Amino acid sequence: MQAETKSKILNRLSRIEGQVRGIGRMVEDDRYCVDVLTQLQAVRAALTRVENEVLKDRLDHCVMQAMTGDALSERQAKAGELIELLGRALR
């Protein structure tokens, strides 16, 4: 993972961690369920953005290197890995 991407990911995950702790406090305080659900949806969306950023980094560097390289087996392996990752992401 590129250093800049890694830093952005770690910052986002720290914010998400804070959001999750906040949701825990909301549950402890018996906050209105709709507010809790809204925050849960925000965390899910934030995690999706992190997932997309990691996937983009993977495509931009690892997969592109394999696809432009000479080793057919490496291209096939990376293509299979990509298909598997996208399949899991769509579930």
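Not measured: the values here are computed from a predicted model. Numbering starts at 1 and runs along the sequence shown.
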What side-chain donor-acceptor pairs closer than 3.5 Å can you find for residues 48-55, not counting sequence neighbours?
| residue | atom | partner | partner atom | Å |
| --- | --- | --- | --- | --- |
| Thr48 | OG1 | Arg44 | O | 3.0 |
| Asn52 | ND2 | Thr48 | O | 3.4 |

So which pairs with a foot in residues 19-40 pass side chain to side chain donor-acceptor pair (under 3.5 Å), sequence neighbours left out?
-> Glu17-Arg21
Rounded to the nearest 0.5 Å, what's the gap from CG on Leu86 to CD on Glu81? Could you check?
-> 10.5 Å
Answer with yes or no whether the hydrophobic clustering places Leu10 together with Ile16; edges join I, L, V, M, F, W, Y residues whose side-chain heavy atoms lie under 4.5 Å apart.
-> no
When rounded to the nearest 0.5 Å, the distance separating CD1 of Ile9 from CD of Glu4 is 11.0 Å
Cationic N near anionic O, under 4.0 Å, Arg88 to Glu84 = yes
List in chain and number order the residues that pass side-chain hydrogen bond (donor to acceptor under 3.5 Å, both in side chains) with Lys56, two or more places apart in sequence or in another chain; answer none if no residue qualifies.
-> Asp60
